[in-house]
Protein chains: 2
Amino acid sequence: MGDVFKALADPTRRHILDELAERDDQTLFEICARLGSKHQFTSSRQAVSQHLELLEAAGLVHTRREGRYKFHTLDTRPLAQIAERWIRTKPQEKP
Amino acid sequence: MGDVFKALADPTRRHILDELAERDDQTLFEICARLGSKHQFTSSRQAVSQHLELLEAAGLVHTRREGRYKFHTLDTRPLAQIAERWIRTKPQEKP
DNA sequence: TTGATAGGCAAGTAATGACTTGCCTATAGT
DNA sequence: ACTATAGGCAAGTCATTACTTGCCTATCAA
């Protein structure tokens with residue numbers, strides 16, 4: 001569960017999540033290409049690969065093998081709970 | 001805005017937020033003491049102080065001076081938006 | 001005023017994390 | 001079979017960051 005927070009801490013990983021939110025089921029190379037063109041983020045293949053490993057370990061990304069391709073899909077469920085951890089205990093704000 | 005994610009990445013800072021969610025308006029020494037007794041987290045005063053600086057810079061904690069005391073209060077508003085960043089785009093959207 | 005308490009500042013250390021480099025395997029197309 | 005493509009593994013580099021150490025200022029109580 002603490003892995004989710006660590007996963008979200010890096011701006012490149014957040015861009016990867018942005019990219020997967022826009023278009024699901026992408027391969028590593030597709031993500032690399034789109035990060036460069038759309039989000040002006042130049043990361044090497046290995047760098048992105050390691051980020052995806054981390055995101056998968058955090059449960060934010062699931063993968064599916066198909067031949068020599070590995071598709072990555074976004075799972076937003078872990079995100080739903082993280083914010084509520086502190087919000088629930090706080091009834092209301094002071095003005 | 002990216003500061004919020006970085007602020008949440010550290011387990012000690014999350015414990016500090018837990019503590020402030022339970023009891024607001026605490027001083028640095030109070031937070032230190034409670035981190036040790038309740039959450040079994042032994043962090044030095046300076047370490048906690050630096051964490052609080054970071055949390056304040058992220059907008060998650062506000063401070064108020066009163067004599068020689070400095071009270072820390074939790075602000076959960078930045079948390080509300082972070083999760084929605086990816087959740088909102090999921091079903092369908094984007095014109 | 002003295003001493004104790006609450007906190008701040010800054011330089012240094014140690015550890016974590018992001019990224020690179022080089023090589024390797026497997027699948028698909030020709 | 002040969003080659004290009006998609007991806008994996010592992011050791012190493014470099015930057016960031018968490019934490020320490022030592023000393024300093026300010027407030028309050030006796």
Side-chain angles (χ1 to χ4, degrees), chain A residues 1-20 23-37 39-73, chain B residues 1-20 23-37 39-73:
Chain A
M1 179 66 190
D3 295 332
V4 180
F5 293 105
K6 274 192 187 173
L8 294 174
D10 187 81
T12 304
R13 283 195 289 272
R14 294 199 293 273
H15 281 293
I16 293 176
L17 294 182
D18 286 338
E19 186 46 47
L20 287 176
R23 171 183 297 215
D24 233 333
D25 274 310
Q26 293 194 70
T27 69
L28 172 57
F29 277 68
E30 283 174 323
I31 295 170
C32 283
R34 287 172 177 277
L35 279 183
S37 61
H39 306 273
Q40 335 286 30
F41 240 80
T42 51
S43 289
S44 75
R45 177 183 65 87
Q46 291 85 348
V48 175
S49 174
Q50 284 166 8
H51 283 308
L52 285 169
E53 269 185 69
L54 225 153
L55 288 169
E56 191 176 4
L60 289 164
V61 164
H62 297 160
T63 61
R64 163 176 56 91
R65 260 274 176 194
E66 235 169 77
R68 61 173 161 175
Y69 299 104
K70 188 178 183 183
F71 295 98
H72 301 262
T73 65
Chain B
M1 179 66 188
D3 294 330
V4 180
F5 292 105
K6 274 192 186 171
L8 294 174
D10 186 83
T12 304
R13 282 195 288 272
R14 293 198 295 273
H15 280 294
I16 292 176
L17 293 181
D18 287 337
E19 184 47 46
L20 286 176
R23 170 183 297 216
D24 232 333
D25 274 311
Q26 292 194 70
T27 68
L28 171 58
F29 276 68
E30 283 174 324
I31 294 169
C32 284
R34 287 173 177 275
L35 279 182
S37 62
H39 306 274
Q40 334 285 34
F41 239 81
T42 51
S43 290
S44 75
R45 177 182 65 88
Q46 290 84 347
V48 175
S49 174
Q50 285 166 7
H51 283 308
L52 285 169
E53 268 185 69
L54 226 153
L55 289 169
E56 191 177 4
L60 290 164
V61 163
H62 297 162
T63 60
R64 163 176 57 90
R65 260 276 176 192
E66 235 169 76
R68 61 175 162 175
Y69 300 104
K70 187 178 185 183
F71 295 98
H72 301 261
T73 65

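Every chain is numbered from 1 and lettered A, B, ... according to where its sequence line falls, protein lines coming before strand lines. Both backbone and side-chain heavy atoms feed into the values below; hydrogens, waters and symmetry mates do not. Not measured: the values here are computed from a predicted model.
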Side chain to side chain contact (heavy atoms under 4.5 Å, CB included) assessment of T27(A) paired with F71(A): CA-CA 5 Å; T27(A) 69; F71(A) 295 98; 3.7 Å; yes

For T27(B), answer base if it contacts any base atom (sugar-phosphate contacts may also be present), sugar-phosphate if it contacts only those atoms, and nothing otherwise; contact means non-hydrogen atoms under 4.0 Å. sugar-phosphate

Close approaches to DNA chain D from residues 56-72 of chain B, in residue order (heavy atom, under 4.0 Å): G67(B), R68(B)

Checking dA11(D), dG8(C), dT20(D) against the side chain of Q50(A) (C-beta onward), the nearest is dA11(D)

L60(B) vs L54(B), side chain to side chain contact (heavy atoms under 4.5 Å, CB included): CA-CA, chis, key distance, verdict: CA-CA 9 Å; L60(B) 290 164; L54(B) 226 153; over 6 Å; no

I want to check something: taking the side chain as every heavy atom from C-beta on, are E30(B) and R23(B) in contact at a cut-off of under 4.5 Å? no

Tell me whether the OP1 or OP2 atom of dT17(D) has a side-chain N or O from K6(B) closer than 4.0 Å. yes

Using the salt bridge (Lys or Arg N to Asp or Glu O under 4.0 Å) criterion, which residues pair with R64(A)? Sequence neighbours excluded. D25(A), E66(A)

Tell me which nucleotide among dG22(D), dG7(D), dT21(C) gets nearest to the side chain of Q46(A). dT21(C)

Taking the side chain of S44(B) as its heavy atoms from C-beta onward, which of dT17(D), dT20(D), dG8(D) lies nearest to it? dT20(D)

Below 4.0 angstrom from OP1 or OP2 of dA18(D), is there any side-chain N or O of T12(B)? no

Of S49(B) and A9(A), whose nearest nucleotide on DNA chain C comes first from the 5' end? S49(B)

Check the phosphate of dA18(D) against R13(B), side-chain N and O only, distance under 4.0 Å to OP1 or OP2. Yes or no? yes

Taking only side-chain N and O atoms of H51(B), does any of them lie within less than 4.0 angstrom of OP1 or OP2 on dC19(D)? yes

